[in-house]
Amino acid sequence: MYRFVLRRLGLLIPTLFGISVLVFALMHLVPGDPAAMVGAEADGAVAANVDATAQIEGFRRRYLFDQPLWKQYLHYVGPFSLASDGHEWFGGTGRDPWNGLLVLDLGSEFLRPQVDVGSELLRRLAITLPLTALAILLAYLLSIPLGIYSAVKSGSVFDKSSAAFVFAMYALPTFWIGLLLQWAFGRTGLDWLPTIGLTSPDAAELEGGARLMDRAAHLVLPVACYAVGSLAYLSRQMRVGMIEVLGEDYVRMARAKGLSEYTVVSKHAFRNSLLPLVTLFATVLPALVGGSIVVETVFDIPGMGLYVYESLLRREYNAIMAAVLIGSLTTVAGLLASDVLYAWIDPRIRLSGRRTDG
Amino acid sequence: MADRLGPRRALRFAFVLLMFLYGTAVFAPLLASDLPLTMVASNERAFFRALRTLPIVVEEAEAKLGEGGDSEASVRAVRLRFDELQRGLEGERHLQVEELRQAFEMLVSDPSASGSVAERTAQLRETLGLEGAGLEDSKLVAVRSYPVFASLTPLDAFWMASFFALLFAPFCLPRRAGPWLLGSTLLITLSVGASSSFGRADLLSGLKADMTSGDVRVESALFVPVPFGFAETHLDEGFLPPSWARTEEQARNDSIDVRAGEPALDSLQRHWLGTDALGRDVLSRLLHGGRLSLAVGLLAALIVCVLGVVLGTAAGMFGGWVDLCFLRLVEIVQSFPAFLLILAGVAFIPSGTLHPAITIAIVIGVVGWTEIARLVRAELLRLRELELATAARALGIPPLRIAFRHLLPLALPPVLVAAAFATSGAVLTESAISFLGFGIGPPVPSWGGLIAVERDASVWWLQLFPGLFVFLTVLAFNLLGEGLRGSLRAGSGGASAMGGAE
Amino acid sequence: MSSLLSVDDLSVQLAPAAGRSGESGSIVESVSLRIDRGEALGLVGESGCGKSTLLLAVLDLLGPEMLRTSGEVLFDGRNLTLMAEAARRRLLGNDIGVVFQEPTRALNPVFKVGEQVAEVLRCHKGLDKRAAWSRAVELLEEVGIEQPALRARDYPHQLSGGMNQRVVIAMAIACSPALLVVDEPTTALDVTVQEEILALFRRLREERGMALLFVSHDLALVEQEVDRVAVMYAGSLVESAPTPVLFASPRHPYTRGLLDCQPKFAAPLTRLPEIGGVVPASDARPLGCSFHPRCRAAESRCSAELPVLTTDEAERTVACFYPLGGSQ
């Protein structure tokens, strides 16, 4: 078991390397010169309508765009800084010798150089995480029983209608769901819930309990919106998996042993049907961390998703690279976690070796 | 879901839905346009413009002909104006112009011939009415024209033709004529034809304005069902609710001018689905937007399939280090957050290079091929071990030929299923991209973009209907995928229904 | 009524489902059987003749694709078909033990084998965890598994097919049932292991006096193990007789054909005889006697009328108009 985990961790290294190269390549090989676009804006040259060449050159120098690609990559990965104020070994002043991925430095924003991308991401994560965690929890909690019940009562009215319902849900665009929810429950509809942002405008005046309630109320619609998509997918997977398991020989054997239907389903079938769901776990981590650009845009929630959206608008290369990097890292980590979890749960993988005496 | 409905019913349902959606998209110019289908009219403005500029161009042409220089363009200009004049006249007047024209033609063929055409042109002008008495008492001849059809590009026509082909093909062709080959060919045709919607710049001809103002005098005209162009603005009619949801007062706002061919202010036909901020008809924009959204979906799916099939086949057939590289590549590509990558790709590729719709399709394709590639690889790995592959190898057939000619047709069924779902995914992605503002920009409409413009809940019709259409499209493709999956599994069992493999 | 199990006119059809049109033929057509206490009955037939389906139908373990359309099953005088769910479940595992064909697949991969045997005991005998576990270990020893205490903690994938089959047998006999029903118990196992499993059955029967319903496609195999044989073809019973009688002088042409097909070591090496043709699919059965297209002795009557089972003096039943070795 440990060897398995170690081996997987070992394989991780070339994958991580590949990802960092790809992320870097994506940003630096995309057509269009970041320096020209961003440099001029950043230094207010556009506003002043002044010839921006000098500013652009300065920008280029500062962010090493005038260096060969491999040097830029090394600077990106680190841990040594190749910038002019970087490590002495590379011709720098030694003031700021360390930087790069290996020291967990994701650079700073172009338009607001004092803002460190890494810490900004953390701030945004704190906002996104409760939303996504709740949504994913809700999705799993609802879809598992739904899927099981549909499978057990396969062919019944409940099964058919829930299958149709879930199928339709699967086809709904997320942003549309968000908008519809806003109409239905917002001021133009039932007016039960707030539709925008995380807190009401007068939140500062509320006290502890009321403030919590206010916060919670603001989360309801975004969480629901986010959960709908996964709910449809998960319950369908659960149902399909369960039906497959219910057709297995050992389920028939369990019935032949005279066990009650309840025991057959909840003890014998359930554990086996969860196994495929574990592999889906790989998508949970990136979803948790990344959040949804669409949901946060619709509901105006200043989390990771919205940050990515803003960065795209403002051409913040560092921020976008960081977001993509984090997305891939969490996916890889999620895959690893789900593989490990699967191996741990399924005895067929955890323990191998067969005894061959008849 | 298909095992609730039964795969055949799911397929039929999907087919009907898709034909409706694609039909309205393909024929959108004929369904919603500010141009009439056909009209009998005389274009006064054009006539008088021709008349006014005729002497000038004639002089210019004469001068050029006299010099012996390049007079091609000038002569053509003169001829155009003569055409315009003759079009609007009949009888005696027509003959007058004809005489003048012949004189001009003689001059063209023999520049040395004397006689100033320009002088006679001035006389003609007087006769026809620009200076003093003339045409006021006799009208210009009204001519039948087909504006909408004239505005179609060849690709538009091609797309419409292939739509009919797709619709009627199953009935016309023999059963076993390689249905898969046929289907895929038609699909490719549709995708290529769909790009016709990409090339069109925004068309806003002045024809309707001319018709309304009387510069084009209309005797009869037949307009399309939705007589509003997708870029045609009615600034006084901004944010009008759908006709069937309008209040009395909104319906009777007299300050709005009703243009030629448009239904009355209080009629139900005026703006079935309301208008947007600039008074553009939502239904028209929806229909035209469908062209783009649906086309992007198909194109993206096509790219995904081609990339996936090629790479998957390579990995499956050749194995060894090709396969290893493939697996590593797939792993890395799949670990990237797809939507984010697509957004970034679309955001950063400068808009000049390609039409944004094609850019979106390519980016979606490049990010999403892994699923199908893995599918194809798995199928090929399985099929490679079958006897037919071994037999082919024994006969000395090169591996690539085995792969593409013999094995791939057998591997197609799950690929088709995946392709259907890829299309629905692409449509969803495109609408989300456009919604966020990174996709196809105004004034060219696309479903997601339509929703993005105004997010206020009081203008519900701007968000409800485009979203509904996206939903229906995705639903249709999902049903198609499910139906294909069910019927392919039940029916062929892999090999038998194929026309391709021997 | 001394018979332990009595099946009367049992039929099974494919359940109607979406997308399936029209009538489909029966998988099992009007089959009747009887097993007395302590008796062993062999149910033989080619693949696809419906014998496994019959078994499942008797125990009411049919999947959703199939439906029992007629017939009655009486166990120890009680009507299984009319019984309440709970009562029927009390019988299964307790008074009737079942052994299926693929041993490793019949065991739940995520539970230890000892746990799966103990489960039966806890369910029916009300034993607590500890008592059930130790009894399970004893049972494993009884079925011939070495080091049972250690093996009980293993998972099914860690044991060989033969050992898993023994586990399944242990599960089946745990509550000392009166009837043991086995479906091709050795088909998935090696030949050497086969003999051991069969010997196990013989021993258990002797020690416990269990009745046995042995379903198999292998006629020769069955000859050693059972007292009476019933032959099925295309969903119906064609002949049944005490084993020595059946093997010595079969009356149905199909049985004759089956016996002729068996390779015999003593006979000179010639080409193996075969029964020409194939078993008809359940929705494509010929009219009249299902076997008549392949029967050498078929007459015109055979394609028109369906022969019924008739019993003769030697306690055997045959469904044929022109049985071998005797008049109709």
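Naming convention: chains lettered A, B, ... in sequence-line order (proteins, then strands); numbering from 1 in each chain.
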Visitor: Should the pair C:Asp183-C:Lys51 be classified as a salt bridge under the 4.0 Å nitrogen-to-oxygen rule?
Guide: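 A salt bridge is absent here (no side-chain N lies under 4.0 Å from a carboxylate O).
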Visitor: Can C:Arg202 and C:Glu195 be counted as an ion pair, charged N to O under 4.0 angstrom?
Guide: yes
Visitor: What part of C:Leu91 is in contact with chain A, defined as an atom under 4.5 angstrom from a non-hydrogen atom: side chain, backbone, both or neither?
Guide: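 No part of it gets close to chain A.
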Visitor: Just checking, A:Arg252 and C:Phe100: is the charged tip under 6.0 Å from the six-membered ring centre and within 45° of the axis?
Guide: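 Output yes; distance and angle both within limits.
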Visitor: At a 4.5 Å cut-off on heavy atoms, which part of C:Leu59 comes close to chain A: side chain, backbone, both, or neither?
Guide: neither
Visitor: Under a 3.5 Å distance rule, please check whether C:Gln158 uses its side chain to pair with a backbone N or O of C:Tyr155 as donor and acceptor.
Guide: yes
Visitor: Checking C:Ala87 now: which residues fulfil side chain to side chain contact (heavy atoms under 4.5 Å, CB included) with it, not counting sequence neighbours?
Guide: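 Counting only residues at least two positions away or on another chain, C:Ala87 forms a side chain to side chain contact (heavy atoms under 4.5 Å, CB included) with C:Met83, C:Arg90.
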Visitor: Just wondering, do C:Glu184 and C:His217 contact through their side chains at under 4.5 Å, heavy atoms?
Guide: yes
Visitor: How far does CG of C:Leu121 sit from CH2 of C:Trp133, to the nearest 0.5 angstrom?
Guide: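 Rounded to the nearest 0.5 Å, the CG-CH2 separation comes out at 12.0 Å.
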Visitor: Atom CG of C:Leu92 and atom CG of A:Leu259: how far apart are they, to the nearest 0.5 Å?
Guide: 10.0 Å
Visitor: Under 4.5 Å, counting heavy-atom pairs only, tell me which of C:Arg88, C:Arg105, C:Glu102 racks up the most with chain A.
Guide: C:Arg105
Visitor: Taking A:His268's backbone N and O only, do any of them form a donor-acceptor pair with C:Asn108's side chain (distance below 3.5 Å, no angle check)?
Guide: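 Yes.
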Visitor: Quick one: list whatever passes side chain to side chain contact (heavy atoms under 4.5 Å, CB included) with C:Ala211, sequence neighbours left out.
Guide: C:Leu4, C:Ile35, C:Leu179
Visitor: Is it the side chain or the backbone of C:Val181 that comes within 4.5 Å of chain A heavy atoms, both, or neither?
Guide: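 For C:Val181, no heavy atom lies under 4.5 Å from chain A.
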Visitor: To the nearest 0.5 Å, tell me how far A:Met169 CE sits from A:Ser230 OG.
Guide: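 One finds 9.5 Å between CE of A:Met169 and OG of A:Ser230.
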Visitor: What option among C:Thr192, C:Asn94, C:Leu61, C:Val99 has the most heavy-atom pairs under 4.5 Å with chain A?
Guide: C:Leu61
Visitor: Determine whether A:Met238 and A:Leu146 satisfy the following criterion, side-chain contact (heavy atoms from CB on, under 4.5 Å), listing intermediate values before the conclusion.
Guide: CA-CA 8 Å; A:Met238 193 67 208; A:Leu146 182 64; over 6 Å; no
Visitor: Quick check: under 4.5 Å, non-hydrogen atoms only, which of residues 326-339 of chain A neighbour chain C?
Guide: none
Visitor: Do you know which of C:His124, C:Met171, C:Glu119 has the most heavy-atom pairs with chain A at a distance under 4.5 angstrom?
Guide: C:Glu119
Visitor: Check each atom of A:Arg271 against the heavy atoms of chain C and say whether the ones under 4.5 Å are side chain, backbone, both or neither.
Guide: side chain
Visitor: Counting heavy-atom pairs closer than 4.5 Å to chain A, which one of C:Val110, C:Val98, C:Val120 comes out on top?
Guide: C:Val110
Visitor: So if I apply the side-chain contact (heavy atoms from CB on, under 4.5 Å) rule between A:Thr174 and each of A:Val295, A:Leu179, A:Ile293, which one comes out positive?
Guide: A:Val295
Visitor: Aromatic rings A:Tyr170 and A:Tyr233: how do their planes relate, parallel, tilted or perpendicular, breaks at 30° and 60°?
Guide: parallel
Visitor: Need one label for C:Gln116: side chain, backbone, both or neither, based on atoms under 4.5 Å from any heavy atom in chain A.
Guide: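 C:Gln116 touches chain A through backbone and side-chain heavy atoms alike.
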Visitor: Non-hydrogen contacts under 4.5 angstrom with chain C: give the residues of residues 136-143 of chain A involved, or none if there are none.
Guide: none
